[in-house]
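What follows is one structure encoded as structure tokens, with my remarks underneath.
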2 protein chains.
Amino acid sequence: MERKQEVSKAVIQRLPRYYRNICELKAEGVQRISSRSLAERMGLTASQIRQDFNCFGGFGQQGYGYNIEKLMEELGSILGLSAGRTAILLGAGNLGRALLNNFDFEASGFRLLCAFDANPALVGQEFGGCEVRSSDTMPAFVAEHKPDVAVLTIPRGNAPDIARELVDQGIRGLWNFTGEDLHLGGLGVPVENVHLSDSLMTLCHLVSTTEE
Amino acid sequence: MERKQEVSKAVIQRLPRYYRNICELKAEGVQRISSRSLAERMGLTASQIRQDFNCFGGFGQQGYGYNIEKLMEELGSILGLSAGRTAILLGAGNLGRALLNNFDFEASGFRLLCAFDANPALVGQEFGGCEVRSSDTMPAFVAEHKPDVAVLTIPRGNAPDIARELVDQGIRGLWNFTGEDLHLGGLGVPVENVHLSDSLMTLCHLVSTTEE
DNA sequence: GAACTTTTGTTAAAATAATATCAATTCAAT
DNA sequence: ATTGAATTGATATTATTTTAACAAAAGTTC
């Protein structure tokens, strides 16, 4: 599993999509696949797929292709999905609740321990099987349970302060929906900034330039 | 505004982030900014910013920098945010309602006309100022109002069929939350596939590899 | 089991993207 | 006005990423 040299960010960002497609293939009952077939399915080149996989050591077989079962395990392991990581969610507003109710955290490698909100009306309620606790109790909870990552669905203004606080308390990653770009890479804490608006603006541009 | 040669996808995907930051600067009352300052703020290189902007014709001034007001207009125009585009939303389940209630479509260039759902209990209700209508009435509505894009927050299985139907009815773009990767580029219809799970899996990997 | 086909892993080449450099131009100060 | 500092836009360079090519290995068929 040890990598000779740093794997490029471009490759890393393709891994979840590979994993998704392999899971689908497994669900379809497929046992093995060649880089060519997978490339066709995903709209990539076979060459790119082979090179991507080989960043982590070849797990294919010449003349045969890739075994779906094995490939899924390998990709899952590279992504760290079975590491039993834990998460908490901060901010049980509309967006936070939508995630609690709909999003399958387990499928992305995380067990959601609980949510926190400052609003007393929400404290004690449960969404998607996850209890909302008072924000006051967050530091003690983090100190005790040491969750790996925090999901930030709090209002934007609070984001930088809370992020710093969480890092001080030992959080190892942030899934950030606040709209504020956070960069804690310098502190060794990765952040995934989610900006739905960026995606929609890109679509707006694409629609505008696809005009005939 | 005419481009000499195709602007690379990498540049396009940075535009929304530029736009966001310029909006913030304007809100802060800043009147002008140099590529160096902006680079520092955004964690990029000044060179990259100048080259990106120059893809669309230089709108800076030597010895002065970029005028915030002008830059915002130019970027907004490139993104097509003022084109008065319209959207409909399909599927007023948890995710759909979360978008209706929380997401600022106008800020990303779209006026949301209405939502559609097959569930009679939801039809007639309003979320975020947007009315839910019966799915049955969707084709007639699209034929009459010709919305530019459709937001897909329907269950995954239906996605491909509905997408094709929408394209036949003249839809020009899809903002796809179904989890199913849609590729209608061949039909000249751009799609933005949103996969929150990809983002969280990437974070899982980053947390795992940032281990000391 | 020999010939043929498939397909990988690896190396090389091509294409793309990011960064550095610098002349030309503008602003600001005296 | 003249000088000096700042900053762009363009070009050149470097780095990265993607694609192509192919020998080596495994499967398949007769």
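Heavy-atom basis, side chains included; hydrogens, waters and symmetry copies ignored. Numbers restart at 1 for each chain; the letters A, B, ... are given by sequence-line order, proteins then strands.
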**Report entry** Whether B:F59 and B:Y66 hold their rings parallel, tilted or perpendicular, with breakpoints at 30° and 60°
**Finding:** perpendicular
Report task. Take the angle between the ring planes of A:F116 and A:F141 and call it parallel below 30°, perpendicular above 60°, tilted in between. Result -> perpendicular
Taking atom [atom2] of [N] as reference, at what distance in whole Å does atom [atom1] of [X] sit?
X     : N      : atom1 : atom2 : result
B:D52 : C:dA18 : CG    : C1'   : 10 Å
A:Q13 : D:dT18 : CD    : C1'   : 16 Å
A:N54 : D:dT17 : CG    : C1'   : 16 Å
A:Q51 : D:dT17 : CD    : P     : 11 Å
A:R50 : D:dA21 : CZ    : P     : 12 Å
A:E74 : C:dT8  : CD    : P     : 15 Å
A:L71 : C:dG9  : CG    : P     : 10 Å
A:K9  : D:dT18 : NZ    : P     : 14 Å

Query raised in the report: Is there a donor on the side chain of A:Q62 or the base of C:dT7 sitting less than 3.5 Å from an acceptor on the other?
Result: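 There is none.
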Requested in this report: Give B:Y66 one of three labels, base, sugar-phosphate or nothing, depending on what nucleic acid heavy atoms sit under 4.0 Å from its own.
Outcome: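 Contact class for B:Y66: sugar-phosphate only.
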Query raised in the report: Counting any heavy atom closer than 4.0 Å, what does B:S47 reach on the DNA or RNA strands: base, sugar-phosphate only, or nothing?
Result: base
Report task. Please determine if A:R85 forms a cation-pi arrangement with A:F110, meaning its NZ or CZ atom is less than 6.0 Å from the six-membered ring centre and no more than 45° off the ring axis. Result -> no
Query raised in the report: Between B:R111 and B:E106, is there a side-chain N and carboxylate O pair less than 4.0 Å apart?
Result: no
Report task. Find the distance between CD1 (A:I162) and CD1 (A:I154) and round it off to the nearest 0.5 Å. Result -> 3.5 Å
Check whether any side-chain nitrogen or oxygen of [X] sits under 4.0 Å from OP1 or OP2 of [N], and answer yes or no.
X     : N      : value
B:T45 : C:dA18 : no
A:R14 : D:dT18 : yes
A:S8  : D:dT16 : no

